Amino acid sequence: MAEIIELERRRQLSKADEEEKLREEKIQILRRIIHCSRCSLKCARCGAHIEEGERANPLETPFPLCSGCQEEYQAYLTQKGGEPCGARYWQNDAWMDVWRTWVRHQRAIDSYRSSREFIRLLQEFERIC
């Protein structure tokens with residue numbers, strides 16, 4: 001009978017270990033979402049480090065962008081508005097679609113980060129840490 005009890009205890013310990021690993025994994029994902037998704041020190045588009053003097057005015061772009069991506073974003077906005085911007089050969093319809101979907105993705109991330117459920121998750125996270 002002692003062997004049966006020991007096996008059950010081992011199974012429970014193994015299950016608790018798995019749950020703890022899953023919990024730690026979720027905490028790491030949340031940390032990346034909180035700390036990395038809107039880091040003002042890196043370009044939201046390409047991930048390059050942004051120097052202090054290189055940062056765009058927040059009124060110009062809702063995302064931190066390096067100077068190269070900032071220039072591309074401005075060209076996207078100009079073309080989106082229907083104005084010719086002296087487009088370079090690569091700034092074609094597919095390029096516009098990439099920028100359009102990227103901006104939509106950034107807005108979806110912002111929307112999720114302001115959702116009631118995400119805020120609740122942040123509050124739970126603060127209690128854990």
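Worth saying up front: this structure is predicted, and the values here are computed from it rather than measured.
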For [X], all residues meeting side chain to side chain contact (heavy atoms under 4.5 Å, CB included), sequence neighbours excluded:
X	answer
Leu77	Tyr73, Gln74
Asp110	Arg38
Asp93	none

Quiz prompt | hydrophobic_cluster_shared for Leu65 and Trp90, side chain cutoff 4.5 Å | solution = yes
Quiz item: Is there a path of hydrophobic side-chain contacts, each under 4.5 Å between heavy atoms of I, L, V, M, F, W or Y residues, that connects Tyr89 with Tyr76?
Solution: yes
Exercise. Check the pair Met96 / Gln79 against side chain to side chain contact (heavy atoms under 4.5 Å, CB included), numbers first and verdict last.
Key: CA-CA 8 Å; Met96 287 292 291; Gln79 284 186 281; 3.7 Å; yes
With a 4.5 Å heavy-atom cut-off, do [X] and [Y] have their side chains touching?
X	Y	result
Cys66	Cys46	yes
Glu117	Leu121	no
Ile50	Ser40	no

Quick one: list whatever passes salt bridge (Lys or Arg N to Asp or Glu O under 4.0 Å) with [X], sequence neighbours left out.
X	result
Arg104	none
Glu18	none
Asp17	none
Arg107	none

Quiz item: Closest heavy-atom contact between Lys42 and Gly47?
Solution: CB-O, 3.8 Å
Self-check item: Taking every non-hydrogen atom, the tightest pair across Ala44 and Phe63
Solution: CB-CB, 4.0 Å
Self-check item: Point-to-point distance, once rounded to the nearest 0.5 Å, from CH2 of Trp102 to CZ of Arg45
Solution: 6.5 Å
Quiz item: How long is the span from the OG atom in Ser115 to the CZ atom in Arg120, to the nearest 0.5 Å?
Solution: 11.5 Å
Quiz prompt | Set of residues satisfying side chain to side chain donor-acceptor pair (under 3.5 Å) with respect to Trp99, sequence neighbours excluded | solution = none
Quiz item: Mind checking what makes side chain to side chain donor-acceptor pair (under 3.5 Å) contact with Gln12, not counting sequence neighbours?
Solution: Glu8
Quiz item: Got a sec, which pairs hit salt bridge (charged side-chain N to carboxylate O under 4.0 Å, His left out) with one end in residues 64-81, sequence neighbours left out?
Solution: Glu71-Arg88
